Each structure stands twice: as structure tokens, then as C-alpha cells.
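Okay, so here's the structure we're looking at.
Please read these numbers as outputs of a predicted model, since none were measured by experiment. All ligand and atom numbering here is 1-based and tracks the order in the structure.
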Amino acid sequence: MTETRIVLNNGVDMPAIGLGVYQTPPEATTDAVTEALRVGYRLIDTAAAYLNEREVGIGIRDSGLDRSEIFIETKVWISDYGYDATLHAFDKSAGKLGVDQLDLLILHQALPSRFDLTLDAYRALERLLADGKVRAIGVSNFMPEHLDRLLNETSVVPAVNQIELHPYFQERALQKVNTQHAIVTQAWSPIGGITSYRDAPKSTFDDPALLDIAQQHGKSAAQVMLRWHLQEGRSVIPKSTKPTRIAENFDVFDFELTSEELATIDGLDTEVRGGPEPDAITLEAFGKEIPEAGRTAAANP
Ligand code: NAP
């Protein structure tokens with residue numbers, strides 16, 4: 001298997017596929033991470049809000065791989081937005097992960113209702129980048145209007161915009177804006193997990209067109225979706241806690257979708273989001289305290 005890599009707009013090299021760990025319970029996280037690294041993944045995507053950064057760090061150390069071989073990405077939660085608070089959020093995340101430097105640190109949400117805090121948080125990321133504490137910075141769930149404002153009021157163009165993106169929600173206009181600014185689109189819920197674990201009308205895993213293409217290639221619907229992203233130039237971070245699926249989701253380098261097959265998948269877009277509207281993420285509704293790095297897990301049930 002040959003892993004593909006993506007060069008970010010600041011020259012940093014990022015693996016195209018990573019393991020996501022949203023909803024991975026802390027007690028299952030270390031095993032998922034070590035298994036992923038064992039089968040070839042070199043990117044792990046976590047977040048302060050997932051409350052499993054510590055276990056990601058243990059998995060990375062347990063893998064026996066050199067730190068330089070692994071790309072660690074994490075996210076600052078909205079409750080830690082603001083210049084000083086976000087600098088401190090870096091210390092919390094790096095402390096839990098047990099590393100001095102992060103490969104990619106991103107703002108988890110745009111927080112449009114307090115964009116002043118978002119801008120200060122991003123300025124803190126710029127500081128961390130200048131100080132060499134992070135190798136790249138980016139954003140998540142930013143819509144074109146949020147990117148416009150950020151680009152007008154800050155200096156460093158984000159390297160990555162991590163957004164909900166799967167065959168049923170393709171965000172074509174936003175992808176175009178990302179590309180115009182040389183921002184890599186990183187797909188969250190890349191295999192449409194959100195269409196099965198949330199109450200969506202239909203799940204991507206059961207989609208007849210995807211299953212048909214999968215059958216043609218002797219692959220699964222998940223592998224077809226991942227291949228579709230990679231061939232269209234996106235980064236992907238599928239999540240699983242199951243070793244067989246972790247391996248399956250990485251086994252996507254030995255087949256190629258035709259342009260007709262890519263077009264068929266492009267045609268599955270329903271333009272209906274599975275996750276919350278980015279504007280609905282407010283401090284009042286979604287604020288939560290992110291524990292300090294120094295506290296033990298037992299002190300933070
Ligand atoms: P996903 O990766 O598209 O799908 C994960 C779901 O599909 C899980 O329920 C998983 O269950 C199942 N699954 C995994 N591989 C499978 C396979 N080969 N066949 C059938 N089912 C499979 O969705 P996601 O977890 O929502 O997104 C992936 C990552 O994106 C997250 O872990 C997180 O890192 C990131 N994310 C970011 C945001 C954001 O706001 N920035 C939001 C959501 C997610 P099992 O674990 O039981 O296998």
C-alpha cells in the first residue's frame with residue numbers, strides 16, 4: 001500500500017488519510033490509535049473537546065514509531081477562544097498528548113456569534129506558528145463568509161478547513177472557496193458516518209450506487225467513498241474503533257475509480273447537512289470546560 005500525502009500551503013507535508021477519534025471513548029482510544037499506526041496510518045485527528053487526547057498520546061508512544069513519523073492534529077474548543085485562552089489551550093492539548101509540538105492545530109468552530117473571540121484565537125494560533133509550537137494552523141466548520149472575514153482580518157491563510165463532507169453533503173461552493181485560497185479541504189464524516197449514527201433518512205453505507213461501484217472493484221462502500229475523496233484531492237479522517245474497519249479504511253491505494261464513477265458519486269449530493277449548522281454553535285449552547293493537562297483523568301470524570 002502506498003500512502004498518499006498532501007502538501008499544505010506552507011510547505012508542510014500531511015498524510016492524506018488519518019484516523020478520526022470523535023466519539024471514541026477514552027478507554028478504546030489507545031488501542032484504536034496503536035492499531036491504526038500498526039497498519040500504516042500516520043495522521044491522527046483528535047480535539048480537546050473529544051476528551052481523549054491523553055489516550056491518543058499514549059497510543060502514539062506505544063506504537064514505537066518516532067514522533068517525527070506521525071502527524072498529530074487537534075482542535076481548540078470554543079470555550080478556550082481568545083488570545084491568552086487559546087495559547088493556554090495549546091499547553092493543555094500538548095500536555096495531554098505528551099508532545100512539545102503539534103503538526104496541525106485548528107479552531108474547531110467558527111463561533112460567528114463571538115467572531116471577535118475567534119479572531120483572537122486565530123491570532124494566538126499565528127503566534128504559536130511563529131514560535132514553532134505548531135507546524136501548521138487551520139480551521140474547521142468555516143463557511144465562505146467566515147473565511148472571508150478571517151482572511152481580511154488576520155495574516156496567515158489557514159492550511160486546512162475541516163468540514164462535514166461525504167457523498168450526501170458535498171459543499172461544492174465551499175470547496176471551491178477553499179481551493180481558491182489554497183486551503184486543503186479535509187472531510188469529516190468522510191464515509192457519511194453521521195448519516196448512520198444520527199437520525200438521517202438514509203445511510204451512505206446502504207446507498208445502491210455506492211454498493212454497485214464497490215462491487216465492481218471488490219471493495220466496500222466505505223472504501224469507495226474514501227477513494228472518491230482522495231481522487232478529488234481531499235484529506236480524509238475516517239473513524240473506527242474496530243481493527244477490521246481501521247484496516248479496511250486504509251486499504252484504498254490499490255484501485256482507481258473511473259471518471260464516470262466519480263461523476264456518479266458527485267451526483268449523490270442531497271445538500272442536506274447531517275451535523276449542526278455552524279451558526280448554531282454558540283458558547284451558550286455548546287460551551288464546556290476543557291480540563292487542564294495536569295489534572296488526572298479520575299479528577300475529570
Ligand atoms: P465517519 O468516519 O464517516 O464514520 C464513522 C462511523 O462509521 C462510526 O460509527 C464507525 O463505527 C462506522 N464505520 C467506520 N468504518 C466503517 C466501515 N468501513 N464500514 C462501516 N461502518 C464504518 O464519521 P465521523 O466519526 O463523524 O467523522 C470522522 C472523524 O472526523 C471524527 O472521528 C473526527 O475526528 C472528525 N470530526 C470532526 C468534526 C468537526 O466538527 N470538526 C465533526 C465530526 C467528526 P465503528 O467505530 O463502530 O467502526
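- Contact annotation for Y197 and ligand 1: only side-chain heavy atoms (C-beta onward) come within less than 4.0 Å of the ligand.
- Considering each of T46, I194, I237, the one bringing a non-hydrogen atom nearest atom 28 (C) of ligand 1 is I237.
- Shortest non-hydrogen contact noted between P112 and H146 is CG-NE2, 3.4 Å.
- Any N or O atom pair closer than 3.5 Å counts here, and I191 shares at least one such pair with ligand 1.
- Side-chain contact check for V184 versus N161: every heavy-atom pair is 4.5 Å or farther apart.
- For ligand 1, the atoms lying closer than 4.0 Å to a non-hydrogen atom of P190 are 2 (O), 3 (O), 28 (C).
- Listed here is the closest heavy atom pair of F115 and R149: CB-NH1, 3.3 Å.
- Closest to atom 34 (O) of ligand 1, if we only count protein heavy atoms, is D45 OD2, 2.6 Å.
- Residue contacts with ligand 1, taken as heavy atom pairs separated by less than 4.0 Å, involve N141 solely via side-chain atoms from C-beta onward.
- At a cut-off of 3.5 Å, with distance as the only test, no side-chain donor of T34 or D62 sits close to an acceptor on the other residue.
- In terms of protein heavy-atom proximity, atom 7 (O) of ligand 1 is nearest to F205 CZ, 3.6 Å.
- Considering every non-hydrogen atom in both W77 and A48, the closest pair reads N-CB, 4.5 Å.
- What sits closest to atom 4 (O) of ligand 1 on the protein, heavy atoms only, is G193 CA, 3.2 Å.
- The residue from A187, A28, S189 that puts a heavy atom closest to atom 24 (P) of ligand 1 is S189.
- Ring orientation note: the planes of Y168 and H166 are nearly perpendicular, at an angle over 60° on the 30°/60° scale.
- Atom 15 (N) of ligand 1 has N249 ND2, 3.0 Å as its closest protein atom, hydrogens excluded (heavy atom only).
- Residue-level proximity to ligand 1 for S196 is absent, since no heavy atom of it falls below 4.0 angstrom.
- Short contacts between ligand 1 and P238, defined as distances under 4.0 Å to a heavy atom of the residue, involve ligand atoms 2 (O).
- At under 3.5 Å, a nitrogen or oxygen of V21, whether backbone or side chain, sits near a nitrogen or oxygen of ligand 1.
- For atom 32 (O) of ligand 1, the nearest non-hydrogen atom of the protein is Y22 N, 2.9 Å.
- Remark: minimum distance from atom 48 (O) of ligand 1 to any protein heavy atom is reached at S240 OG, 2.6 Å.
- Contact annotation: for T24 versus ligand 1, there are no heavy atoms closer than 4.0 Å.
- Using a 4.5 Å cut-off on side-chain heavy atoms (C-beta onward), R234 and L230 make no contact.
- Against a heavy-atom cut-off of under 4.0 Å, A222 is close to the following atoms of ligand 1: 17 (C), 18 (N).
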message: Under the criterion side-chain contact (heavy atoms from CB on, under 4.5 Å), I'd like the reasoning laid out for K96 against I290: C-alpha separation, chi angles, the key distance, then a yes or no.
response: CA-CA 11 Å; K96 289 173 197 165; I290 301 299; 3.7 Å; yes
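- Between Y22 and Y50, the ring planes lie tilted relative to each other; the angle falls in the 30° to 60° range.
- Looking from atom 43 (C) of ligand 1 to the surrounding protein, the closest heavy atom is W188 CE3, 3.1 Å.
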Can you list, pair by pair, the side-chain donor-acceptor contacts under 3.5 Å of residues 99-109, counting residues two or more places apart and other chains?
| from | atom 1 | to | atom 2 | distance (Å) |
| --- | --- | --- | --- | --- |
| Q101 | NE2 | G132 | O | 3.0 |
| D103 | OD1 | R135 | NH1 | 2.8 |
| D103 | OD2 | R67 | NH1 | 3.1 |
| D103 | OD2 | R67 | NH2 | 2.9 |
| D103 | OD2 | I72 | N | 2.7 |
| Q109 | OE1 | N141 | ND2 | 3.4 |

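- Inspection of the S79 and E289 side chains reveals no N or O donor paired with an N or O acceptor under 3.5 Å.
- In terms of protein heavy atoms, atom 37 (C) of ligand 1 is closest to Q162 OE1, 3.0 Å.
- Closest heavy-atom approach to atom 19 (N) of ligand 1 within the set K75, H108, R245: this belongs to R245.
- Side-chain polar atoms of E73 and Q186 form a donor-acceptor pair below 3.5 angstrom.
- Nearest residue to atom 46 (O) of ligand 1 from K242, K239, Q223 is K239 (criterion: closest heavy atom).
- For S220, the heavy-atom gap to ligand 1 stays at 4.0 angstrom or more.
- Under the 4.5 Å side-chain criterion, counting only non-hydrogen atoms from C-beta, W188 is not in contact with V236.
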